[in-house]
Amino acid sequence: ANGFPLAVMDSIEITIQRTAAATAVAAKWLAREDAATITICGCGAQASAQLAAVAAVRPIRRVLLYDIGRRRAENLAEEVGASGLEALPARDLRAAVGKSEVVVTCTPSTEPFLEIGDVAPGTFVAAVGADSEEKQELDARLVAASTLVVDHLEQCATIGELHHAIEAGLMTRADVHAELGQVVAGLRPGRRSADETVVFDSTGTALQDAALAGLVYERAVAREVGKWFEFSFRFKDRQTPKRRR
(Lines give C-alpha, C1' and ligand atoms only; values in the text may rest on other atoms or scores of the structure.)
Protein backbone atom coordinates (compact mmCIF):
# COMPACT_ATOMS: atom_id res chain seq x y z
CA ALA A 1 0.00 0.00 0.00
CA ASN A 2 2.79 2.46 0.83
CA GLY A 3 6.03 0.84 -0.33
CA PHE A 4 7.17 -0.06 3.18
CA PRO A 5 9.51 -3.12 3.22
CA LEU A 6 7.91 -6.37 4.34
CA ALA A 7 11.00 -8.52 4.69
CA VAL A 8 14.73 -8.87 4.19
CA MET A 9 15.99 -12.23 2.94
CA ASP A 10 19.11 -13.77 1.43
CA SER A 11 18.67 -14.24 -2.32
CA ILE A 12 21.21 -17.03 -2.90
CA GLU A 13 18.94 -20.00 -2.14
CA ILE A 14 15.96 -18.27 -3.75
CA THR A 15 17.93 -17.76 -6.96
CA ILE A 16 19.10 -21.38 -6.94
CA GLN A 17 15.56 -22.68 -6.51
CA ARG A 18 13.90 -20.36 -9.05
CA THR A 19 16.56 -21.23 -11.64
CA ALA A 20 15.89 -24.91 -11.14
CA ALA A 21 12.13 -24.33 -11.20
CA ALA A 22 12.44 -22.64 -14.60
CA THR A 23 14.29 -25.70 -15.89
CA ALA A 24 11.52 -27.93 -14.56
CA VAL A 25 8.85 -25.90 -16.36
CA ALA A 26 10.89 -26.08 -19.56
CA ALA A 27 11.43 -29.83 -19.16
CA LYS A 28 7.71 -30.38 -18.64
CA TRP A 29 6.92 -28.81 -22.01
CA LEU A 30 10.06 -29.53 -24.01
CA ALA A 31 11.60 -32.83 -22.83
CA ARG A 32 10.38 -36.22 -24.00
CA GLU A 33 7.78 -37.68 -21.64
CA ASP A 34 9.81 -40.90 -21.29
CA ALA A 35 13.07 -39.10 -20.45
CA ALA A 36 14.81 -41.30 -17.87
CA THR A 37 18.51 -40.42 -18.09
CA ILE A 38 19.97 -37.01 -17.29
CA THR A 39 23.49 -35.67 -17.54
CA ILE A 40 24.34 -32.69 -15.36
CA CYS A 41 27.44 -30.73 -16.38
CA GLY A 42 28.75 -28.85 -13.38
CA CYS A 43 28.33 -30.21 -9.86
CA GLY A 44 28.27 -26.96 -7.91
CA ALA A 45 25.44 -25.23 -6.07
CA GLN A 46 22.93 -25.58 -8.91
CA ALA A 47 23.34 -29.29 -9.59
CA SER A 48 21.21 -30.83 -6.82
CA ALA A 49 18.39 -28.33 -7.32
CA GLN A 50 18.39 -28.88 -11.07
CA LEU A 51 18.19 -32.65 -10.63
CA ALA A 52 15.35 -32.43 -8.11
CA ALA A 53 13.44 -30.05 -10.36
CA VAL A 54 13.70 -32.18 -13.50
CA ALA A 55 12.94 -35.37 -11.55
CA ALA A 56 9.70 -33.74 -10.37
CA VAL A 57 8.37 -33.59 -13.94
CA ARG A 58 10.08 -36.48 -15.73
CA PRO A 59 10.68 -40.15 -14.71
CA ILE A 60 14.42 -39.77 -14.10
CA ARG A 61 16.07 -43.03 -13.05
CA ARG A 62 19.70 -42.60 -14.08
CA VAL A 63 21.93 -39.61 -13.34
CA LEU A 64 25.32 -38.98 -14.95
CA LEU A 65 27.41 -36.27 -13.31
CA TYR A 66 30.32 -34.42 -14.87
CA ASP A 67 32.61 -31.76 -13.43
CA ILE A 68 36.17 -30.69 -14.23
CA GLY A 69 36.76 -31.24 -10.51
CA ARG A 70 36.19 -34.99 -10.51
CA ARG A 71 35.84 -35.19 -6.73
CA ARG A 72 32.81 -32.90 -6.85
CA ALA A 73 31.12 -35.26 -9.30
CA GLU A 74 31.96 -38.26 -7.14
CA ASN A 75 30.64 -36.63 -3.98
CA LEU A 76 27.39 -35.64 -5.64
CA ALA A 77 27.00 -39.13 -7.12
CA GLU A 78 27.24 -40.58 -3.61
CA GLU A 79 24.69 -38.10 -2.33
CA VAL A 80 22.24 -38.74 -5.17
CA GLY A 81 22.76 -42.49 -4.98
CA ALA A 82 21.75 -42.44 -1.32
CA SER A 83 18.36 -41.08 -2.40
CA GLY A 84 17.66 -44.19 -4.48
CA LEU A 85 18.57 -43.02 -7.98
CA GLU A 86 21.32 -44.62 -10.01
CA ALA A 87 24.05 -41.99 -10.07
CA LEU A 88 27.48 -42.20 -11.67
CA PRO A 89 30.35 -39.73 -12.09
CA ALA A 90 31.11 -39.39 -15.78
CA ARG A 91 34.69 -39.38 -17.03
CA ASP A 92 33.69 -38.74 -20.65
CA LEU A 93 31.20 -35.89 -21.00
CA ARG A 94 30.40 -36.57 -24.64
CA ALA A 95 29.69 -40.25 -23.98
CA ALA A 96 27.40 -39.35 -21.08
CA VAL A 97 25.51 -36.71 -23.07
CA GLY A 98 25.03 -39.13 -25.95
CA LYS A 99 23.22 -41.55 -23.61
CA SER A 100 20.91 -38.92 -22.10
CA GLU A 101 17.46 -37.60 -22.93
CA VAL A 102 18.01 -34.54 -20.72
CA VAL A 103 21.20 -32.50 -20.35
CA VAL A 104 21.64 -29.61 -17.94
CA THR A 105 24.68 -27.37 -18.16
CA CYS A 106 25.17 -25.25 -15.04
CA THR A 107 28.77 -24.05 -15.09
CA PRO A 108 30.58 -20.68 -15.15
CA SER A 109 32.33 -21.64 -18.40
CA THR A 110 33.45 -18.92 -20.79
CA GLU A 111 34.20 -21.39 -23.60
CA PRO A 112 31.72 -23.79 -25.22
CA PHE A 113 32.17 -27.43 -24.26
CA LEU A 114 29.05 -29.04 -25.75
CA GLU A 115 29.03 -29.39 -29.53
CA ILE A 116 26.44 -30.32 -32.12
CA GLY A 117 27.79 -33.85 -32.56
CA ASP A 118 27.63 -34.59 -28.84
CA VAL A 119 23.85 -34.41 -28.51
CA ALA A 120 21.59 -37.23 -29.72
CA PRO A 121 18.38 -36.39 -31.61
CA GLY A 122 15.46 -35.86 -29.25
CA THR A 123 17.57 -34.48 -26.39
CA PHE A 124 16.38 -31.60 -24.24
CA VAL A 125 19.27 -29.33 -23.25
CA ALA A 126 18.83 -26.73 -20.50
CA ALA A 127 21.68 -24.22 -20.71
CA VAL A 128 21.70 -22.50 -17.34
CA GLY A 129 25.21 -21.10 -16.94
CA ALA A 130 25.34 -18.23 -19.43
CA ASP A 131 24.16 -15.08 -17.66
CA SER A 132 26.70 -12.56 -18.96
CA GLU A 133 28.24 -11.73 -22.32
CA GLU A 134 31.43 -13.63 -21.50
CA LYS A 135 29.84 -16.91 -20.45
CA GLN A 136 29.12 -19.70 -22.93
CA GLU A 137 28.52 -23.45 -22.56
CA LEU A 138 27.09 -24.53 -25.93
CA ASP A 139 28.72 -24.29 -29.33
CA ALA A 140 26.75 -21.76 -31.39
CA ARG A 141 26.21 -24.38 -34.11
CA LEU A 142 24.38 -26.61 -31.64
CA VAL A 143 22.12 -23.72 -30.64
CA ALA A 144 21.39 -22.81 -34.26
CA ALA A 145 20.65 -26.40 -35.29
CA SER A 146 18.21 -26.98 -32.43
CA THR A 147 14.74 -25.71 -31.62
CA LEU A 148 15.59 -22.78 -29.35
CA VAL A 149 13.29 -21.68 -26.52
CA VAL A 150 14.40 -18.74 -24.34
CA ASP A 151 13.28 -17.40 -20.99
CA HIS A 152 13.46 -13.76 -22.17
CA LEU A 153 14.22 -13.00 -25.81
CA GLU A 154 15.98 -9.65 -25.51
CA GLN A 155 18.01 -10.75 -22.52
CA CYS A 156 19.11 -14.00 -24.16
CA ALA A 157 20.05 -12.07 -27.29
CA THR A 158 22.28 -9.90 -25.12
CA ILE A 159 23.87 -12.28 -22.60
CA GLY A 160 22.65 -15.84 -23.26
CA GLU A 161 23.61 -18.68 -25.59
CA LEU A 162 21.52 -16.95 -28.27
CA HIS A 163 23.89 -13.99 -28.00
CA HIS A 164 26.80 -16.09 -29.26
CA ALA A 165 24.77 -17.63 -32.09
CA ILE A 166 23.78 -14.15 -33.24
CA GLU A 167 27.36 -12.90 -33.02
CA ALA A 168 28.50 -15.86 -35.11
CA GLY A 169 25.95 -14.95 -37.77
CA LEU A 170 24.13 -18.26 -37.36
CA MET A 171 20.84 -16.94 -35.96
CA THR A 172 18.69 -13.86 -35.58
CA ARG A 173 16.01 -13.13 -33.01
CA ALA A 174 13.44 -14.23 -35.58
CA ASP A 175 14.90 -17.76 -35.58
CA VAL A 176 13.98 -18.31 -31.93
CA HIS A 177 11.07 -20.73 -31.64
CA ALA A 178 9.47 -19.14 -28.57
CA GLU A 179 9.83 -17.71 -25.13
CA LEU A 180 8.99 -20.30 -22.47
CA GLY A 181 6.00 -18.24 -21.31
CA GLN A 182 4.53 -18.42 -24.82
CA VAL A 183 4.78 -22.22 -24.76
CA VAL A 184 3.15 -22.51 -21.34
CA ALA A 185 0.37 -20.13 -22.40
CA GLY A 186 -0.34 -22.21 -25.51
CA LEU A 187 0.70 -19.44 -27.90
CA ARG A 188 3.54 -21.54 -29.34
CA PRO A 189 3.94 -25.33 -29.47
CA GLY A 190 6.29 -27.19 -27.19
CA ARG A 191 8.04 -30.38 -28.30
CA ARG A 192 6.70 -31.44 -31.68
CA SER A 193 8.40 -34.80 -32.25
CA ALA A 194 10.40 -37.46 -30.43
CA ASP A 195 13.58 -36.73 -32.40
CA GLU A 196 13.44 -32.93 -32.04
CA THR A 197 16.46 -31.51 -30.21
CA VAL A 198 15.37 -28.61 -28.02
CA VAL A 199 17.62 -26.10 -26.25
CA PHE A 200 16.33 -23.94 -23.41
CA ASP A 201 18.40 -20.78 -23.01
CA SER A 202 17.93 -19.85 -19.34
CA THR A 203 19.48 -16.52 -18.34
CA GLY A 204 17.25 -15.89 -15.30
CA THR A 205 15.07 -12.86 -14.63
CA ALA A 206 14.48 -10.66 -11.61
CA LEU A 207 10.76 -11.39 -11.89
CA GLN A 208 11.46 -15.03 -10.99
CA ASP A 209 13.30 -13.94 -7.84
CA ALA A 210 10.48 -11.57 -6.86
CA ALA A 211 7.80 -14.21 -7.41
CA LEU A 212 9.58 -16.79 -5.27
CA ALA A 213 10.49 -14.23 -2.60
CA GLY A 214 6.81 -13.38 -2.26
CA LEU A 215 5.97 -17.05 -1.77
CA VAL A 216 8.76 -17.45 0.81
CA TYR A 217 7.46 -14.41 2.72
CA GLU A 218 3.86 -15.67 2.76
CA ARG A 219 4.91 -19.10 3.99
CA ALA A 220 7.22 -17.65 6.63
CA VAL A 221 4.41 -15.52 8.04
CA ALA A 222 1.96 -18.45 8.00
CA ARG A 223 4.45 -20.75 9.75
CA GLU A 224 5.84 -18.07 12.08
CA VAL A 225 9.35 -18.63 10.77
CA GLY A 226 11.93 -15.86 10.82
CA LYS A 227 13.04 -13.07 13.09
CA TRP A 228 11.07 -9.90 13.82
CA PHE A 229 12.74 -6.48 13.88
CA GLU A 230 11.85 -2.84 13.32
CA PHE A 231 12.82 -0.99 10.19
CA SER A 232 13.95 2.62 10.34
CA PHE A 233 10.96 4.71 9.28
CA ARG A 234 10.83 8.49 8.82
CA PHE A 235 7.83 9.53 6.79
CA LYS A 236 5.69 12.39 8.09
CA ASP A 237 2.03 11.81 8.74
CA ARG A 238 2.31 8.05 8.41
CA GLN A 239 2.05 5.54 11.15
CA THR A 240 5.13 3.39 11.58
CA PRO A 241 4.33 -0.33 11.45
CA LYS A 242 5.43 -1.83 14.76
CA ARG A 243 7.01 -4.95 13.41
CA ARG A 244 8.18 -6.42 10.15
CA ARG A 245 9.74 -9.76 9.45
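Predicted model only: the values in this text are computed from it and were never measured.
- Closest approach of Thr203 and Gly160 over heavy atoms only: CG2-CA, 3.6 Å.
- With rounding to the nearest 0.5 Å, the separation of CG in Leu138 from OG1 in Thr105 is 5.0 Å.
- Annotation: Ile68, atom CD1; neighbour count of heavy atoms from other residues, nucleotides and ligands within 6.0 Å does not exceed 12.
- Side chain of Arg191 to main chain of Glu196: a donor-acceptor pair is present (N/O by atom type, distance under 3.5 Å, no hydrogens or angles).
- A pairwise comparison of heavy atoms in Phe200 and Ala22 identifies CE2-O, 3.8 Å as the closest pair.
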**Message:** Checking Gln46 against Val104 for the side-chain contact (heavy atoms from CB on, under 4.5 Å) test, could you report, in this order, the C-alpha distance in whole Å, the side-chain angles of both residues, the deciding distance, and whether it holds?
**Reply:** CA-CA 10 Å; Gln46 271 290 331; Val104 177; over 6 Å; no
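- Nearest approach of Ala165 to Val143, heavy atoms of both residues: CB-CG1, 4.2 Å.
- At most 12 non-hydrogen atoms from other residues, nucleotides or ligands lie less than 6.0 angstrom from CZ of Arg141.
- No donor-acceptor pair under 3.5 Å is formed between the side chain of Arg32 and the backbone N or O of Glu101.
- Both Phe124 and Leu180 are assigned to one and the same hydrophobic cluster, defined by single-linkage of ILVMFWY side chains at heavy-atom distances under 4.5 Å.
- Remark: the backbone N or O of Arg18 is not paired with any side-chain donor or acceptor of Gln208 at under 3.5 angstrom.
- Atom CD of Glu33 sits in a sparse spot, with 12 or fewer heavy atoms from other residues, nucleotides or ligands closer than 6.0 Å.
- The two residues Val198 and Val149 come nearest to each other via the heavy atoms CG1-CG2, 4.4 Å.
- Counting only distance, with no hydrogens or angles, the side chain of Asp67 and the backbone of Cys43 share a donor-acceptor pair below 3.5 Å.
- One hydrophobic cluster holds both Val150 and Val119 under the rule that ILVMFWY side chains link at heavy-atom gaps under 4.5 Å.
- Note that CG of Leu93 is 10.0 Å distant from CG of Leu64, once rounded to the nearest 0.5 Å.
- Within the model, atoms CG of Leu142 and CD of Glu137 stand 11.5 Å from one another, a figure rounded to the nearest 0.5 Å.
- Residues Val57 and Val25 do not share a hydrophobic cluster, defined by chaining ILVMFWY side chains whose heavy atoms lie under 4.5 Å apart.
- A distance of 10.0 Å separates CD in Glu134 from CD1 in Ile159, rounded to the nearest 0.5 Å.
- To the nearest 0.5 Å, atoms CG (Leu212) and CD1 (Ile16) are separated by 11.5 Å.
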**Steps toward side-chain contact (heavy atoms from CB on, under 4.5 Å) verdict (Tyr66, Asp92)** = CA-CA 8 Å; Tyr66 179 84; Asp92 187 331; over 6 Å; no
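- A distance-only check finds no donor-acceptor pair linking the side chain of Asp139 to the backbone of Pro112 [under 3.5 Å].
- No donor-acceptor pair under 3.5 Å is formed between the side chain of His163 and the backbone N or O of Gln136.
- Using a distance-only test at 3.5 Å, with no hydrogens or angles considered, a donor-acceptor pair links the side chain of Asp175 to the main chain of Thr172.
- More than 12 heavy atoms of other residues, nucleotides or ligands shown are found within 6.0 angstrom of CG on Leu187.
- If you chain together hydrophobic residues whose side chains sit under 4.5 Å apart, Ile60 and Leu88 never meet in one group.
- Side-chain atoms of Thr19 and Gln50, non-hydrogen and from C-beta on, do get closer than 4.5 Å to each other.
- With Asn75 as reference, Arg71 is the one residue of Glu79, Glu78, Arg71 to meet the side-chain hydrogen bond (donor to acceptor under 3.5 Å, both in side chains) rule.
- A heavy-atom distance below 4.5 Å is not found between the side chains of Val199 and Glu161.
- In terms of modelled atom types and a separation under 3.5 Å, the side chain of Asp201 and the main chain of Leu162 share a donor-acceptor contact.
- Listed for the Thr39 side chain is no donor-acceptor partner under 3.5 Å among the backbone atoms of Ser100.
- Atoms OG1 and CG, from Thr23 and Leu30 in turn, are 10.5 Å apart once rounded to the nearest 0.5 Å.
- Between Arg173 and Glu154 a salt bridge is recorded (basic side-chain N to carboxylate O distance below 4.0 Å).
- Considering every non-hydrogen atom in both Ala87 and Ala77, the closest pair reads CB-O, 3.6 Å.
- Closest heavy-atom contact between Ala49 and Gln17: CB-NE2, 4.2 Å.
- Residues Thr147 and Arg192 have side chains in contact (heavy-atom distance under 4.5 Å, counting atoms from C-beta outward).
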**Message:** Assess the residue pair Val125 and Ser146 against the criterion (side-chain contact (heavy atoms from CB on, under 4.5 Å)); give the C-alpha distance rounded to whole Å, side-chain angles, the decisive distance to 0.1 Å, and a yes or no.
**Reply:** CA-CA 10 Å; Val125 180; Ser146 305; over 6 Å; no
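- Linking ILVMFWY residues whenever their side-chain heavy atoms come closer than 4.5 Å, directly or via other members, places Leu148 and Val97 in the same cluster.
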**Asked** Under the side-chain contact (heavy atoms from CB on, under 4.5 Å) criterion, do Arg61 and Glu86 qualify, and how do the steps go?
**Response** CA-CA 6 Å; Arg61 294 189 295 274; Glu86 179 187 358; over 6 Å; no
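- No side-chain heavy atom of Arg188 sits under 4.5 Å from any side-chain heavy atom of Glu179.
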